[in-house]
Amino acid sequence: MEKTLPEIIEAGVKAAITDLYQADGSSPEITLQSTRREFEGEFTVVTFPLTRLARKKPDEIAEQLGAYLKEQVKEIADYNVIKGFLNLVIADDYWRDFLLDAPVKEGYGNSPANGETVVVEFCSPNTNKPLHLGHVRNILLGWSSAQMLEAAGYDVKKVEIINDRGIAICKSMLAWQRFGEGATPQSTGSKPDHFVGNYYVLFDKKFQEEYKVWQETAEGKNVLAHLGKEGQSAEAFFKGYSKKYFNEYSVLGADAKAMLFKWEAGDADVRSLWEKMNNWVYEGYEETYQKFGVYFDKRYYESNTYVLGKDMIELGLEKGVFAKREDGSIFADLTDAKLSEKTLVRADGTSIYITQDLGTARLRYDDFGAKRMIYTVGDEQNHHFATLFELLKRLEEPYADGLYHLSYGMVDLPSGRMKSREGTIVDADDLMKEVIHEARLMSQERAATSELSEEEQDEIIRQIGMSALKFHIIKVGPQKRMMFDPKESVDMQGQTGPYVQNAYVRTRAVWRKAGNPDVSPAKNYTGLAPAERELVNQLYAFPSLVKTAAESYDPSLVAMFCYDLAKSLHKFWHDHSILSAESPEAIAFRLQLCKAVGNTLQKGMGLLGIEVPERM
RNA sequence: GGGCCCAUAGCUCAGCGGAUAGAGCACCUGACUUCUAAUCUGGCGGCCGCAGGUUCGAGUCCUGCUGGGCUCACCA
């Protein structure tokens with residue numbers, strides 16, 4: 001493999017130090033960074049760290065290094081020194097030859113396969129209601145991380161774990177059974193997951209009605225009198241007492257719990273109702289996933305996995321990692337790892353959430369042999385995953401060092417946090433509908449594609465709307481809690497998906513117009529304009545950026561890269577003519593430049609799960 | 001109370017020890033007979049939460065503080 005520019009420069013600087021200062025050039029860390037926009041050059045050597053070694057002033061070192069490199073290293077054409085910073089100008093020939101090679105080819109940015117498998121889990125919904133904005137962030141993060149890892153050479157398996165059991169789905173089931181009167185998604189014409197979600201909401205409504213009535217009964221008043229705090233209003237008390245009421249007094253609550261009990265006992269009627277309703281939900285989810293353009297290689301269901309993990313407990317006891325209490329419960333003491341004491345099996349022998357997670361981790365390893373597993377889950381579970389990973393490490397599981405919690409912050413609305421009780425949940429399907437609607441309005445206003453068929457226009461509009469939504473969410477780094485303003489999410493100008501798409505469209509438009517041009521003169525092009533150098537330089541950075549983004553599980557890096565590249569393209573487009581450039585060499589070179597930029601934008605956006613249209 | 005995370009322009013966000021802290025939105029402004037103006041040009045806008053420390057150099061690293069979030073279940 002050929003050496004990269006940073007490697008070439010670093011080697012040159014080390015040789016220079018040895019030659020110029022008779023010092024050991026192999027030892028120092030060379031500080032190399034990309035040159036700031038306002039100065040000439042592409043790479044910058046910071047000379048401050050070398051002052052001790054060279055025993056000279058920074059400017060003097062920079063000047064001497066620059067002269068040496070210009071003389072000795074053929075890739076370096078020129079240099080300038082500003083306040084101790086040595087800016088290096090890469091030779092035109094190098095940039096030109098580079099451009100005409102890798103970036104114009106298919107698959108630029110991909111690393112060769114490394115033979116390693118990584119499992120990426122994302123989405124992982126509960127089956128009682130439709131997907132919402134929080135899932136959207138999760139899906140986009142998980143999916144694009146998976147794409148980036150694939151580009152970085154991994155064999156990626158995308159999985160989700162579906163929480164298909166428990167009290168929540170029983171609530172929906174009970175409400176449907178009692179109030180549904182045999183209605184189905186087909187009979188009502190609703191999207192099936194929304195249909196089921198509506199019964200979950202209906203359950204809560206009926207429950208609240210029942211609760212309200214109870215509050216006025218002698219029993220309710222008695223509870224208030226005994227447990228209500230001094231000066232607390234009845235309303236405030238009952239608001240906080242709702243969970244307790246559900247478990248101890250509510251008829252509906254008792255019925256829902258009875259249904260859960262029957263489910264666990266394997267009651268045939270309950271199981272068949274459960275399957276029917278869950279299948280509705282899956283049908284609805286599938287539609288949403290397809291609209292997002294995502295899929296899974298394998299699905300895990302908690303109804304299967306919740307019994308797992310017992311063998312891990314045995315293993316832990318054998319290894320002395322876990323211990324038994326007097327009452328029979330089993331726990332792990334993680335206090336020396338700054339985590340708490342964690343119970344794994346209750347005194348009655350039943351297991352809990354984290355136990356099944358232990359079992360599921362092993363199951364996935366058995367399924368795929370992956371030594372790396374990524375869990376895309378909100379940051380409220382940071383502690384849970386820290387505990388889980390620590391336990392697996394102590395169990396000496398072979399994949400324990402490759403576990404990563406892809407943690408992300410909650411999505412807030414301008415009105416504050418999303419709350420189902422207050423009806424401020426932003427539904428994923430509605431959101432898509434809205435951005436596509438907005439894209440349609442913008443498109444009608446422009447009428448740039450009006451001669452295309454209606455189907456073609458619809459497809460373009462869909463791609464534009466989805467890119468606005470996806471880009472808007474992905475451009476924010478995962479760790480940060482983010483503000484989601486619906487008004488801004490439908491923006492199509494500025495730092496947005498459509499802005500990047502538009503740059504791609506331009507690179508395609510010029511090629512359509514050019515027909516089947518002869519690009520061979522490009523190899524004789526000389527005297528690159530600053531805007532051209534800038535673009536080639538950005539293209540040059542793409543493969544390593546993909547690697548960095550993949551290793552840090554941060555798709556926002558790719559999003560910002562695409563934006564920056566698109567911005568440079570737009571600027572170049574404005575300042576330079578392509579098809580009527582001054583020479584055949586320039587025309588050919590710029591066409592190839594457009595091809596490479598379009599190619600890279602398509603690849604980069606593809607990593608984010610965003611499509612680019614040929615026209616817009 | 002312990003642990004983790006966050007705080008940068010009016011708003012949403014970049015900035016991962018280096019140069020005069022950057023984008024987008026909003027507001028003001030100029031450019032379409034041209035390879036598509038979903039674009040481009042110019043302007044406005046900052047005690048980088050506060051106080052110390054380390055360093056040739058700190059928005060970035062360390063300590064303390066303030067404000068916000070999450071979490072510390074024999075819940076999932």
State which of [options] makes the closest approach to the side chain of [X].
X	options	value
A:Y499	B:rU36, B:rC25, B:rC40	B:rC40
A:K571	B:rG18, B:rC40, B:rU36	B:rC40
A:M482	B:rC6, B:rC13, B:rC25	B:rC13
A:M483	B:rU36, B:rC13, B:rC35	B:rC13
A:Y563	B:rC40, B:rA23, B:rC70	B:rA23
A:A448	B:rC6, B:rA19, B:rU36	B:rU36
A:D554	B:rG3, B:rC16, B:rC5	B:rC16
A:K567	B:rA37, B:rA19, B:rC40	B:rC40
A:K83	B:rC40, B:rA7, B:rA19	B:rA19
A:W573	B:rU71, B:rA19, B:rC35	B:rC35

Determine whether the side chains of [X] and [Y] contain a donor N or O and an acceptor N or O closer than 3.5 Å.
X	Y	value
A:T127	A:D164	no
A:T496	A:D491	no
A:T343	A:S329	no
A:D554	A:S552	no
A:N138	A:T376	no
A:Q33	A:T44	no

[X] near the nucleic acid: base, sugar-phosphate alone, or nothing, with a heavy-atom cut-off under 4.0 Å?
X	answer
A:Q479	sugar-phosphate
A:I464	base
A:G477	sugar-phosphate
A:R506	sugar-phosphate
A:S552	nothing
A:N87	base

Item to check | Minimal non-hydrogen separation, A:S489 against A:V435, with atom names | outcome: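 Residues A:S489 and A:V435, closest heavy atoms: O-CG1, 4.0 Å.
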Item to check | For A:A514 against A:L591, the heavy-atom pair lying closest together | outcome: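 Closest approach of A:A514 to A:L591: CB-CD2, 4.1 Å.
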Item to check | Within 45° cone of A:F48 ring axis and under 6.0 Å: A:K83 NZ or CZ | outcome: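 No; the conditions do not both hold, so A:K83 does not lie above the ring face of A:F48.
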Next on the checklist: Does A:R364 qualify as a cation-pi partner of A:Y300, given the criterion of NZ or CZ under 6.0 Å from the six-membered ring centre and within 45 degrees of its axis?
Outcome noted: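 The answer is yes, since A:R364 meets both limits relative to A:Y300.
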Next on the checklist: So is the aromatic ring of A:F85 stacked onto the base of B:rA19, judging by whether the centres are under 5.5 Å apart and the planes are under 30° apart?
Outcome noted: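 A stacking contact exists, since A:F85 sits close and nearly parallel to the base ring of B:rA19.
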Next on the checklist: Is A:F39 stacked against the base of B:rA19, taking the criterion as centroid distance under 5.5 angstrom and interplanar angle under 30°?
Outcome noted: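 Yes, the aromatic ring of A:F39 stacks with the base.
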Any side-chain N or O of [X] below 4.0 angstrom from OP1/OP2 of [N]?
X	N	result
A:R417	B:rC70	yes
A:K480	B:rA14	yes
A:R36	B:rG22	yes

Next on the checklist: For A:R481 and A:T44, find the nucleotide of RNA chain B closest to each by heavy atoms; which residue's nucleotide sits nearer the 5' end?
Outcome noted: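 The residue closer to the strand's 5' end, by nearest nucleotide, is A:T44.
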In whole Å, what is the span from the [atom1] atom of [X] to the [atom2] atom of [N]?
X	N	atom1	atom2	result
A:M410	B:rG68	CE	P	17 Å
A:H574	B:rG30	NE2	P	15 Å
A:M560	B:rU12	CE	C1'	11 Å
A:R508	B:rU36	CZ	C1'	15 Å
A:F572	B:rA37	CZ	P	14 Å
A:D575	B:rU41	CG	P	7 Å

Item to check | Pairs involving residues 456-486 of chain A, ordered by first then second residue, that meet ring pair (Phe, Tyr, Trp, His ring centres under 6.0 Å) (sequence neighbours left out) | outcome: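 For residues 456-486 of chain A, and leaving out neighbouring residues, the ring pair (Phe, Tyr, Trp, His ring centres under 6.0 Å) pairs sorted by first residue read A:H472-A:F484.
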Sticking with atom [atom1], work out how far [N] lies from [M], rounded to a whole angstrom.
N	M	atom1	answer
B:rU71	B:rA76	P	16 Å
B:rC48	B:rA9	P	9 Å
B:rC44	B:rC56	P	37 Å
B:rG42	B:rG10	P	22 Å
B:rG18	B:rU55	C1'	12 Å
B:rG67	B:rG30	C1'	44 Å
B:rA23	B:rU66	P	36 Å
B:rG57	B:rA19	P	14 Å

Next on the checklist: Taking the ring centre of each residue, are A:F322 and A:F331 less than 6.0 Å apart?
Outcome noted: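 Ring centres of A:F331 and A:F322 not closer than 6.0 Å.
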Checklist entry - For RNA chain B, what are the stems built from at least three Watson-Crick or G-U pairs in a row, each pair having both distances below 3.5 Å? => result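 In RNA chain B, stems of three or more pairs: B:1-7 with B:66-72, B:10-13 with B:22-25, B:49-53 with B:61-65.
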Item to check | Passing candidate, ring pair (Phe, Tyr, Trp, His ring centres under 6.0 Å) with A:Y375, options A:Y408, A:F122, A:F389 | outcome: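 The single option meeting the ring pair (Phe, Tyr, Trp, His ring centres under 6.0 Å) with A:Y375 is A:F389.
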Distances under 3.5 Å between nitrogen or oxygen atoms of protein and nucleotides 53-64 of chain B:
none

Item to check | Quiz item: A:S556 side-chain donor-acceptor pair to B:rA14 base, under 3.5 Å | outcome: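 In this structure, the two groups form no donor-acceptor pair.
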Item to check | Pairs satisfying side-chain hydrogen bond (donor to acceptor under 3.5 Å, both in side chains), at least one member in residues 559-577 of chain A, at least two apart | outcome: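 As it turns out, the side-chain hydrogen bond (donor to acceptor under 3.5 Å, both in side chains) pairs with a partner in residues 559-577 of chain A, which skip direct neighbours, are A:R506-A:H570, A:Q538-A:S568, A:K571-A:D575, A:S577-A:S580.
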Produce the list of close N/O pairs, under 3.5 Å, pairing protein atoms with atoms of nucleotides 72-76 of chain B; give distances to one decimal.
residue	atom	partner	partner atom	Å
B:rC74	OP2	A:T343	OG1	3.4
B:rC74	O3'	A:R346	NE	3.2
B:rC74	O2	A:A347	N	3.1
B:rC74	N4	A:D327	OD2	2.7
B:rC74	N4	A:S329	OG	3.3
B:rC75	OP2	A:R346	NE	2.4
B:rC75	OP2	A:R346	NH2	2.2
B:rA76	OP2	A:Y353	N	3.0
B:rA76	O3'	A:E302	OE1	3.3
B:rA76	O2'	A:N163	ND2	3.1

Item to check | Residues which pass side chain to side chain donor-acceptor pair (under 3.5 Å) with A:N537, listed by chain and number, not counting sequence neighbours | outcome: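 In terms of side chain to side chain donor-acceptor pair (under 3.5 Å), with neighbours along the sequence ignored, A:N537 is linked to no residue.
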